2 protein chains.
Amino acid sequence: MFSKSCEYGIRATIFIATHCCKEGKVGLKEIAKEIDSPIAFTAKILQVLVKNNIVKSSKGVGGGFMILKDELKSIKLVNIVNAIDGDSVFLRCGLGLSNCSEEHPCPVHEKFKFVKKDLIYMLENTSLEELSLGIKKGQTFLKY
Amino acid sequence: MFSKSCEYGIRATIFIATHCCKEGKVGLKEIAKEIDSPIAFTAKILQVLVKNNIVKSSKGVGGGFMILKDELKSIKLVNIVNAIDGDSVFLRCGLGLSNCSEEHPCPVHEKFKFVKKDLIYMLENTSLEELSLGIKKGQTFLKY
DNA sequence: TTAATAAAAGACAATAATGTCCTTTATTAA
DNA sequence: TTAATAAAGGACATTATTGTCTTTTATTAA
């Protein structure tokens with residue numbers, strides 16, 4: 001469904017969100033440890049998230065990554081996926097046709113439409129806030 | 001969503017299905033041309049479909065690929081996807097956790113459950129017969 | 001039996017995704 | 001101002017996916 005980069009990216013973002021505000025910044029090492037991801041690769045992905053203004057970062061002593069508290073509600077899964085994998089997941093034709101459309105549909109166009117709609121709805125309506133809440137409550141997990 | 005192999009595989013299977021029975025076998029060259037796919041790569045994918053008993057093949061003069069008419073109804077999209085990409089599309093955790101489950105769910109487990117269910121339902125209930133019918137009627141397309 | 005045909009099979013090539021390592025830049029505290 | 005810290009950036013390595021090419025095997029028709 002998503003690329004590995006995107007999976008790590010989502011997990012990293014959720015972890016950073018759980019540390020939001022009270023504990024301040026989180027370092028790369030801790031993030032990679034807590035989401036069980038390759039540290040250098042995770043760094044690359046975080047750079048993308050920072051460039052897309054989803055995560056804030058600061059260098060130097062006491063630096064690290066954070067997400068503004070008042071953005072937890074407004075940041076949706078779709079924003080993270082879009083930043084890392086682009087919009088091809090939603091827009092791409094299920095059978096890889098380059099010009100698949102209502103006027104020139106592939107054989108599964110109509111069938112996929114509904115699945116895609118569900119996926120997009122879910123991604124657009126799932127906020128970082130609710131995802132991080134599950135982690136904080138110990139109901140959901142970011143590794144293994 | 002699916003790998004390129006799987007996209008070509010589905011398109012090839014549908015095309016072969018449209019030639020089912022009356023016109024007999026279809027050759028590799030024609031298949032690749034009609035679904036606009038790299039010919040040698042398509043050959044490899046067809047081998048997988050043949051091994052999985054989705055497509056029948058025969059060598060030599062007048063040989064080619066075909067699908068038995070009485071199997072058009074029973075072959076579902078899920079069979080093709082499974083043969084080429086395996087079942088990871090449906091079973092894999094959305095965030096890549098190796099042991100994601102109801103007891104140990106990732107943060108999007110519950111959210112993905114419904115999307116996946118929709119996808120699986122669609123794949124399990126879409127037959128080659130109905131997909132090839134759209135092509136025969138000129139309502140759907142296999143390339144561009 | 002031989003020649004032509006077409007898929008099967010295996011080896012190889014190109015590209016993209018994933019992952020690592022090292023250097024640079026910015027920040028903080030001493 | 002210097003040393004320590006931590007992210008940013010660039011170059012490189014590994015692996016998986018996609019794609020090509022050549023040889024082999026099976027089938028048919030002459």
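Model, not experiment: these values are computed from the prediction. Chain A is the first sequence line, chain B the second, and so forth, proteins listed ahead of strands; every chain is numbered from 1.
Distance A:Ile84 CD1 to C:dT18 P: 11 Å, rounded to the nearest Å. Put simply, OH on A:Tyr8 is 9 Å from P on C:dT18, counting in whole angstrom units. Rounded to an integer number of Å, the gap from CG of B:Leu46 to C1' of C:dA9 is 14 Å. What separates NZ of A:Lys59 from P of C:dT24 is a distance of 13 Å, to the nearest Å.
With a 4.5 Å cut-off on side-chain heavy atoms, B:Ile135 and B:Phe15 do not count as touching. Counting heavy atoms from C-beta on, the side chains of B:Glu102 and B:His109 come closer than 4.5 Å.
Mapping A:Phe2 and A:Ser58 onto DNA chain C via the closest heavy atom, the residue that lands nearer the 5' end is A:Phe2. Between A:Gly62 and A:Gln47, the residue whose closest nucleotide on DNA chain D is further toward the 5' end is A:Gly62. Of the two residues contacting DNA chain C, namely A:Gly60 and B:Gly60, the nearest-nucleotide position lying further toward the 5' end is that of B:Gly60.
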Protein N or O to nucleotides 11-16 of chain C N or O, pairs below 3.5 Å:
none

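Applying the 4.0 Å criterion to OP1 and OP2 of C:dA9, one finds that B:Lys51 has a side-chain N or O inside that range.
Screening residues 47-81 of chain A for ring pair (Phe, Tyr, Trp, His ring centres under 6.0 Å), with sequence neighbours left out, gives no hits. Residues in residues 6-16 of chain A take part in these salt bridge (Lys or Arg N to Asp or Glu O under 4.0 Å) pairs, two or more places apart or across chains: A:Lys4-A:Glu7, A:Glu7-B:Arg92. Pairs of residues two or more places apart, or lying in two chains, that qualify as ring pair (Phe, Tyr, Trp, His ring centres under 6.0 Å) and include a residue from residues 122-144 of chain A are A:Phe141-B:His104.
In this structure B:Lys136 satisfies the side-chain contact (heavy atoms from CB on, under 4.5 Å) test together with B:Thr18, B:Lys22, sequence neighbours excluded. Looking at residues two or more places apart in sequence or on another chain, you find a side-chain hydrogen bond (donor to acceptor under 3.5 Å, both in side chains) between A:Lys111 and B:Glu130. In this structure, the side-chain contact (heavy atoms from CB on, under 4.5 Å) partners of A:Glu103, at least two apart in sequence or on a different chain, are A:Ser101. Partners of A:Glu124 under the side-chain hydrogen bond (donor to acceptor under 3.5 Å, both in side chains) rule, at least two apart in sequence or in another chain, do not exist in this structure.
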| query | Pairing of DNA chain C as dot-bracket, 5' to 3': ( ) intra-strand, [ ] crossing, | other strand, . unpaired, with Watson-Crick or G-U pairs under 3.5 Å? | reply | ||||||||||||||||||||||||||||||
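Taking 4.0 Å as the cutoff to heavy atoms of chain B, we find the contact window on DNA chain D bounded by D:dT18 to D:dT28.
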Mind listing the side-chain donor-acceptor pairs of residues 74-89 of chain B below 3.5 Å, one per line with the distance, residues two or more places apart or on another chain?
from	atom 1	to	atom 2	distance (Å)
B:Ser74	OG	B:Glu71	O	3.2
B:Lys76	NZ	B:Lys73	O	3.2
B:Asn79	OD1	B:Lys76	N	2.7
B:Asp85	OD1	B:Ser3	OG	2.6
B:Asp85	OD2	B:Ser3	N	3.0
B:Asp85	OD2	B:Ser3	OG	3.3

For a quick test of your reading: what N or O donor-acceptor pairs under 3.5 Å do the side chains of residues 34-44 of chain A make, sequence neighbours left out?
from	atom 1	to	atom 2	distance (Å)
A:Ser37	OG	A:Thr42	OG1	2.6
A:Thr42	OG1	A:Pro38	O	2.6

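At the heavy-atom level, A:Lys56 lies nowhere under 4.0 Å from the strands shown.
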